[in-house]
Amino acid sequence: MKEEGRRLKAEGAGPALRPSAPEWMGPARFPARASEPAFILHPSSFILHPFHPSSFFLPAMRTSVKAALHAEAPLDSILLQGWVRTRRDSKTFSFLEVNDGSCLKGIQVIADAALPDYAHIHQATTGASIEVRGQLVASKGQGQKWEVVASSFKILGEAPADYPLQKKGHTLEFLREIAHLRPRSNLFGAVFRVRSRLAYAIHQFFQDRGFVYVHAPIITASDCEGAGEMFRVTTIDPAQPPRGKDGAVDHTQDFFGKPTYLTVSGQLEAEVFACALSNCYTFGPTFRAENSNTSRHAAEFWMIEPEIAFCDLRGNMDLAEEFVKYLIRDVRTHCAEDVEFFSKFVDKELNARLDFVLEKPFQRVTYDEAVEILLQSGRSFEFPVVAGQNLQAEHERYLTEEHFKSPTTVYNYPKAIKPFYMRTNEDGRTVAAMDVLVPGIGEIIGGSQREERLEVLQENIRHHGMAEKDYWWYLDLRRYGSVPHAGFGLGFERMLMFVTGVGNIRDAIPFARTPGTAEF
RNA sequence: UCCUGAGUAGCUCAGUGGUAGAGCGGUCGGCUGUUAACCGAUUGGUCGUAGGUUCGAAUCCUACCUCAGGAGCCA
């Protein structure tokens, strides 16, 4: 409420915020005077560039639908800009529902047939963009507190009869085919508002705890980070590549003088910074060229990778648990209306599952114990439980959903099935790895304590058939002032799926990249 | 990549060998402080593509394409 009050105030015609016409038209967006704030970008003002020519000469103090719906008192003068969701005509007036994406709900606008603009009301079809001036008054009807009685309206952009979005529900598959329009739907508007908030919460969580945000490179030359197929980055003409004497493509003539790829992980770079700034995190896009066709995999996705110096696996597990709970709590607090929508129309179990993760302490169990539990369960799994091998998705689901009925962290995995950088335990047989499992999704976090002992790491690299010289800088971290450190990776879209109940990763990212698909 | 399922009107689907349907949407008209409004009329399809079987194929067969669900890989 407090926030809304501030916003409404900011939207009033305060002197600092009153634009004159020329300022709107361009130059003022890059203020000449350093002392003058770029008001057009002021976060609390919600002012948008009024793109309709005639708006330049009007007091362009736009009120967001969200602010209008949360108003505490009627307003004599209000300007709304948004898209028509639906129109219901009466003989003497029309109801318009206008939504601008600021929140889930639209606001009801009453357009009287006596208005001079009323001749154009038939253009206010579903999907049309519109500008409405009028008064915010208490609604005479049921179902909403406030409504806007229009004194004038203007159709900014028509939406002809072939506008694909109808008032009724569409399948997610259809909406994926119109990814450029689906943010205008209730569901995707909500998903992407939550996505934005979730990203903010991630930064807030780490920044509040003194973590330093590191931008890991997107182009990398290390081709064996141990996380699957990579996309090549090259400026070589594929039709006529330069070739060496042996006929192979000569990568010394490529842009970077060597083969390069899109990153599959920022972890190794994050370790560099953890070994200097102690606590840091990366949050950026990652790319996997795997031919994965599932609801949980995308070729391009965002990942959060904290890396903590002077930290062991236990501290890592503590942080992961606190992190997941923090994000759920934050989204619930700040996106309550959207989460309510998801729990009603997307996943009826959503609230129960979020409560479940919030309230229960995460169960911690070693890999060996987990295998024992699975073997003793008496359950017949599609894939048998074999000690020393990876747990299957069905095994992980059994542990978290049925056995523990709680989020579960499995740790100390067999060394043989984990990457080279994970720290070898005292038993010499297992590594200090951990997977956090949650109901519905399975593995949401994977992490480990890193091997900080130079000789052991060198041995691991050799054992994995990798070349030490390719990791000279990574090994240097162990040569000079090595410290115990640990970290984990959280798939951003998977976390978003978890808090929204959305079942397909293609619906948790604005423009999904999956095998064979990069249309938008 | 493997397994399973599905492609019929703008959308969601029915139609299992004999003249291609419904609801929604769109359009036109009516009615109503309406709320995914309501009522009437109307519009709309090379049945995913290419072959094949048959007197006749949306329907049966083959291949391919696309999409979805599951698996593997993983986040």
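Chain naming here is simple, since letters A, B, ... match the order of the sequence lines and numbering starts at 1 in each. Fair warning: this is a prediction, and the values are worked out from it, not measured in the lab.
- Between A:Arg85 atom CZ and B:G25 atom P the separation is 16 Å, expressed in whole Å.
- At a cut-off of 3.5 angstrom, counting only N and O atoms as typed in the model, there is no donor on one side facing an acceptor on the other between the side-chain of A:Ser292 and the base of B:C74.
- Atom P of B:A71 sits at a distance of 37 Å from the matching atom of B:A36, rounded to the whole Å.
- B:U46 makes up no base pair with any nucleotide shown, lacking Watson-Crick or G-U wobble contacts both under 3.5 Å.
- Judged by distance alone, with hydrogens and angles left aside, the side-chain atoms of A:Thr514 form no donor-acceptor pair with the main-chain N or O of A:Ala298 at under 3.5 Å.
- No engagement by A:Gly446 is indicated, since no non-hydrogen atom pair under 4.0 Å with the nucleic acid exists.
- The residue A:Glu147 sits close to a base: some heavy atom pair falls under 4.0 Å.
- Remark on RNA chain B: of its neighbouring residues A:Thr86 and A:Glu382, the 5'-side contact belongs to A:Thr86, judged by nearest-heavy-atom nucleotide.
- The interatomic distance linking A:Gln392 (CD) with B:A71 (P) rounds to 9 Å, in whole Å.
- The aromatic rings of A:His403 and A:Tyr398 sit tilted, their planes meeting at an angle between 30° and 60°.
- At a threshold of 4.0 angstrom between heavy atoms, the contacts of A:Ser295 are confined to the sugar-phosphate backbone, with no base atom among them.
- Taking the C1' atom of each, B:G5 and B:A50 are spaced 22 Å apart, rounded to whole Å.
- Nucleotides B:C39 and B:U46 are separated by 30 Å at their P atoms, to the nearest Å.
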So which protein N/O to nucleotides 8-13 of chain B N/O distances come out below 3.5 Å?
| from | atom 1 | to | atom 2 | distance (Å) |
| --- | --- | --- | --- | --- |
| B:G10 | N2 | A:Gln166 | NE2 | 2.4 |
| B:G10 | N3 | A:Gln166 | NE2 | 3.4 |
| B:C11 | O2' | A:His170 | ND1 | 3.4 |
| B:U12 | OP1 | A:Thr171 | OG1 | 2.8 |

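- In this structure, A:Asn291 reaches the bases: a heavy-atom distance under 4.0 Å links it to at least one base atom across the strands shown.
- Among the protein residues, A:Ala298 comes within range of the nucleic acid bases, having at least one heavy atom under 4.0 Å from a base atom.
- In this structure, A:Arg176 places its CZ atom 16 Å from C1' of B:G7, rounding to the nearest Å.
- At B:C67, one or more side-chain N or O atoms of A:Thr517 fall inside 4.0 Å of OP1 or OP2 (strictly under the cut-off).
- For A:Lys167, whose side chain is taken as the heavy atoms from C-beta onward, the closest listed nucleotide among B:C73, B:U35, B:A36 is B:A36.
- Between B:A71 and A:Arg397, a contact under 4.0 Å exists linking OP1 or OP2 to a side-chain N or O.
- Note on A:Ile505: a base of the nucleic acid sits closer than 4.0 angstrom, heavy atoms only.
- The CD atom of A:Glu396 sits 13 Å away from the C1' atom of B:A71 (whole-angstrom rounding).
- The aromatic rings of A:Phe93 and A:Phe95 lie perpendicular to each other, with more than 60° between the two planes, well past the 30° mark.
- Among the atoms of the strands shown, base atoms are found under 4.0 Å from some heavy atom of A:Gln108.
- Distance CZ (A:Phe383) to P (B:G70): 14 Å, rounded to an integer number of Å.
- At a cut-off of 3.5 Å, with distance as the only test, no side-chain donor of A:Asp368 or A:Thr366 sits close to an acceptor on the other residue.
- Across all strands shown, B:G40 forms a Watson-Crick or G-U wobble pair, both distances under 3.5 Å, with B:C28.
- Across all strands shown, nothing is found opposite B:G56 as a Watson-Crick or G-U wobble partner with both distances under 3.5 Å.
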| message | side-chain contact (heavy atoms from CB on, under 4.5 Å), that's the test. Do A:Tyr471 and A:Leu268 meet it? Break it down for me. | response | CA-CA 10 Å; A:Tyr471 294 89; A:Leu268 302 191; 4.1 Å; yes
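- Scored by the salt bridge (charged side-chain N to carboxylate O under 4.0 Å, His left out) test, A:Arg85 finds no partners at all (sequence neighbours excluded).
- A gap of 23 Å separates the P atoms of B:G33 and B:C24, to the nearest Å.
- Residue A:His395 contributes atom NE2, which lies 16 Å from atom C1' of B:C73 at whole-angstrom precision.
- Within 4.0 Å of A:Thr514, counting heavy atoms only, lies no atom of the nucleic acid at all.
- Among the heavy atoms of the strands lying under 4.0 Å from A:Asn504 are primed sugar atoms or P, OP1, OP2 only; no base atom is included.
- Both distances falling under 3.5 Å, in either a Watson-Crick or a G-U wobble arrangement, place B:G69 opposite B:C3.
- Nucleotides B:G23 and B:G70 are separated by 32 Å at their C1' atoms, to the nearest Å.
- Closest-nucleotide positions on RNA chain B for A:Phe301 and A:Ala161 were compared, and the one nearer the 5' end corresponds to A:Ala161.
- For the pair A:Ile444 CD1 and B:C74 P, the interatomic distance rounds to 18 Å; values are reported in whole Å.
- Heavy atoms of A:Arg296 sit under 4.0 angstrom from at least one base atom.
- Between B:C67 and B:G48, the distance separating the two C1' atoms is 11 Å to the nearest Å.
- Checking the phosphate oxygens (OP1, OP2) of B:A68, a side-chain nitrogen or oxygen of A:Arg506 falls inside 4.0 Å.
- The side chain of A:Phe93 lies closest to B:G33 when the candidates are B:G33, B:A68, B:G72.
- For B:A37, the OP1/OP2 oxygens have a side-chain nitrogen or oxygen of A:Arg88 closer than 4.0 Å.
- Listed for the A:His395 side chain is a donor-acceptor partner under 3.5 Å among the backbone atoms of A:Gln392.
- Spacing between B:C60 and B:C47 at atom P, rounded to whole Å, works out to 16 Å.
- Within the 4.5 Å cutoff, the side chain of A:Leu69 has heavy atoms near those of the A:Cys103 side chain.
- Across all strands shown, B:U12 is found opposite B:A22 as a Watson-Crick or G-U wobble partner, with both distances under 3.5 Å.
- Straight-line distance from the NZ atom of A:Lys140 to the P atom of B:G33: 11 Å, rounded to whole Å.
- For the side chain to side chain donor-acceptor pair (under 3.5 Å) with A:Tyr281, the lone residue among A:Glu305, A:Gln207, A:Glu307, A:Arg209 that qualifies is A:Gln207.
- Under the 4.5 Å side-chain criterion, counting only non-hydrogen atoms from C-beta, A:Val431 is not in contact with A:Ser448.
- Note on A:Thr125: nothing from the nucleic acid sits closer than 4.0 angstrom, heavy atoms only.
- Using P as the reference atom, B:U42 and B:A22 are 11 Å apart when rounded to the nearest Å.
- Taking only distance into account, the side chain of A:Gln144 meets the base of B:U35 through a donor-acceptor pair shorter than 3.5 Å.
- Using a 4.5 Å cut-off on side-chain heavy atoms (C-beta onward), A:Trp302 and A:Glu493 make contact.
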